[in-house]
Amino acid sequence: MSTGTYEASITPVFVRLKLSLLRNGLRQSAGRRAAYITSVVVVLLFAALQLLGLIALRGNAHAASVTVLLIAVMALGWAVMPLFFPSGDETLDPTRLVMLPLRPHPLVRALLVASLVGIGPLFTLCLLVGSVISVAHGTAAYVTGVAAVPLALLVCVALARAVAAANIRLLSSRKGRDLAVLSGLVIAIGAQLVNFGAQRLGSAGGLSRLDPAADVLRWVPPGSAIGAVDSMSRGSYGAGGAQLVLSVAALAGLLALWSRHLTRLMTSPDGSTLQAGETAARERVPTDGLRRLLPSGRTGTVMERSLRYVWRDPKTKAAWVTSLAIGLIVPVFNALQGTGSIYFACFAAGMLGIQMYNQFGQDTSAFWMVAMTIASPHDAYVELRGRALALLVITLPYATLVTVLTTAMLGDWSKLPEVLGLSFALLGAMLATGAWSSARFPYSIPQEGYKNVAPGQAGLAWIAIFGGMVSAALLTAPVIALTIWLNVTADGDRWSWLLLPLGAGYGALLTVSGLRMAAPRTARRLPEILAAVSRG
């Protein structure tokens with residue numbers, strides 16, 4: 001086969017392989033198909049609303065600033081989200097192609113085209129089309145927009161793939177866990193900075209506050225592609241051409257960087273684990289000191305295992321540290337801004353409660369050893385109880401600390417008992433729904449590569465997490481209603497302290513009830529759970 005034929009034929013093969021992975025993943029169960037279809041519908045609906053909103057922005061004096069910043073933030077999301085969060089992008093993992101005789105340049109081309117198949121690229125395309133429509137005026141601008149849309153989309157995808165290729169072995173090695181944790185913190189802080197920036201837009205000045213940042217980012221790809229359309233609309237043809245050239249250069253540079261990382265990945269040995277045994281022997285695990293404090297029997301063993309996962313597994317540790325950071329940043333930053341509420345302290349319990357979801361997925365294929373010890377619903381109950389208690393060891397003191405700190409910053413000590421009661425009730429509801437969701441919607445967390453969900457399970461993961469969070473909110477509704485009633489009642493302040501014991505007791509009741517409901521399902525569905533968490 002000639003070189004030209006080889007390079008021309010590899011791309012459609014990869015696209016068909018990507019489609020086959022998606023199709024085969026959906027064939028596994030009707031529930032998985034329903035979850036995936038639901039997630040697709042939700043994303044497309046949101047994309048349509050964003051598209052309409054951007055079109056409605058047409059003619060606004062600050063439309064260019066909004067769209068440039070939107071595309072810049074979206075590009076940042078493309079770069080960091082696939083590394084640390086469940087993602088619908090199921091682009092082929094290049095580490096699976098190491099043994100194949102593939103050259104870097106045709107492989108990059110094939111993977112780039114295959115990466116365009118999915119919900120994420122379609123959502124990005126909608127935003128790019130809406131952005132061009134909102135700023136384009138005149139024939140030159142529309143012609144530039146026709147080139148800017150695919151160019152910006154390719155820059156986003158190439159950026160994501162280049163960053164992912166550079167971090168595949170790092171994230172899958174124990175040596176990379178500290179960087180993964182640091183990256184999680186950067187993401188958490190960055191997301192909150194974006195949130196606070198959006199809040200400031202509602203103050204004096206409105207959208208005009210975006211202009212200084214947009215003036216810089218319109219020269220930074222892929223924002224420069226939208227900036228080129230705006231420059232053409234204003235008659236600045238030289239600036240528009242330069243901005244478009246910048247986007248082309250950025251795409252070429254990202255493809256070259258991606259090709260370089262792929263070459264290194266597929267030709268050099270993985271030295272991250274060459275001395276894994278020696279490193280493990282030297283490493284001290286902080287949970288050793290907890291052995292004397294943990295209960296005896298299976299409960300203590302399960303708690304110790306779960307705490308070891310938190311400390312030693314890179315992805316589990318990154319997820320925990322990110323939740324800890326966001327749980328503290330949201331209430332504290334809002335309090336510093338002067339716009340905070342003491343009820344934001346409940347965010348700490350909510351973020352850590354998410355860690356109860358997909359409890360068996362963090363075990364991956366090693367779950368078979370746990371499954372061998374579960375012979376009855378009682379065994380499953382003890383297993384789930386140990387995992388929940390391990391989570392409470394961290395969550396209870398942390399949620400209390402965040403609540404006290406937020407109260408001290410706002411000086412509203414009279415609300416401390418009711419906010420603590422709300423936090424404990426919410427935590428109990430999330431532990432209950434998390435245990436049930438772990439048994440009903442388990443999914444795999446691949447240890448190799450950069451994905452946090454195995455191909456075909458992304459929609460299942462989103463449904464499990466967000467469905468559980470909605471259910472937890474509904475379960476917490478009685479305590480929320482009681483809190484509202486006491487706040488609107490004339491003498492409600494006299495009895496608000498009761499919310500602390502009531503919330504704690506209600507949360508404990510929900511936790512025990514949820515664990516007991518999830519235990520029979522866990523024992524009954526062990527083969528299905530093992531098959532689901534062992535993928536990838």
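- The side-chain contact (heavy atoms from CB on, under 4.5 Å) test applied to Leu389 returns Thr299, Met303, Arg385, Leu392, not counting sequence neighbours.
- Not a single side chain to side chain donor-acceptor pair (under 3.5 Å) links Thr400 to another residue, sequence neighbours left out.
- Residue Leu420 holds its CG atom at 5.0 Å from OG1 of Thr403, rounded to the nearest 0.5 Å.
- For Thr301, there are no side-chain contact (heavy atoms from CB on, under 4.5 Å) partners, not counting sequence neighbours.
- Applying the side-chain contact (heavy atoms from CB on, under 4.5 Å) criterion to Ile480, with sequence neighbours excluded, gives Leu422, Thr476, Ile484.
- Listed by first then second residue, pairs satisfying salt bridge (charged side-chain N to carboxylate O under 4.0 Å, His left out) with a partner in residues 345-365 read Asp363-Arg387, not counting sequence neighbours.
- Taking every heavy atom of both residues into account, Lys18 and Ser115 meet most closely at NZ-CA, 4.4 Å.
- Scanning for salt bridge (Lys or Arg N to Asp or Glu O under 4.0 Å) contacts around Arg524 gives an empty result, with sequence neighbours left out.
- By the salt bridge (Lys or Arg N to Asp or Glu O under 4.0 Å) test, Arg305 pairs with Glu383, sequence neighbours left out.
- When side chains are defined from C-beta on, Gln355 counts as touching Ser323, because their heavy atoms get closer than 4.5 Å.
- In this structure, Ser438 contributes its side chain and Met356 its backbone to a donor-acceptor pair below 3.5 Å.
- Atoms CD1 and CG, on Ile394 and Leu307 in that order, are 5.5 Å from each other to the nearest 0.5 Å.
- The side-chain contact (heavy atoms from CB on, under 4.5 Å) test applied to Thr395 returns Trp320, Leu352, Leu391, Leu427, not counting sequence neighbours.
- In terms of heavy-atom proximity, Gly514 sits nearest to Ala432 at CA-CB, 3.7 Å.
- With sequence neighbours left out, Thr373 forms a side chain to side chain donor-acceptor pair (under 3.5 Å) with Arg298.
- For residues 352-375, the ring pair (Phe, Tyr, Trp, His ring centres under 6.0 Å) pairs, not counting sequence neighbours, are Phe360-Phe367.
- For Tyr398, the ring pair (Phe, Tyr, Trp, His ring centres under 6.0 Å) criterion is met by no residue, not counting sequence neighbours.
- Atom CG of Leu262 and atom CG of Leu255 lie 10.5 Å apart (nearest 0.5 Å).
- Although no hydrogens or angles enter the test, the distance criterion places no donor-acceptor pair under 3.5 Å between the side chain of Ser437 and the main chain of Thr433.
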Output side-chain donor-acceptor pairs under 3.5 Å for residues 116-124, partner residues at least two apart or in another chain, one line each.
from   : atom 1 : to     : atom 2 : distance (Å)
Thr124 : OG1    : Trp78  : NE1    : 2.8
Thr124 : OG1    : Gly120 : O      : 3.0

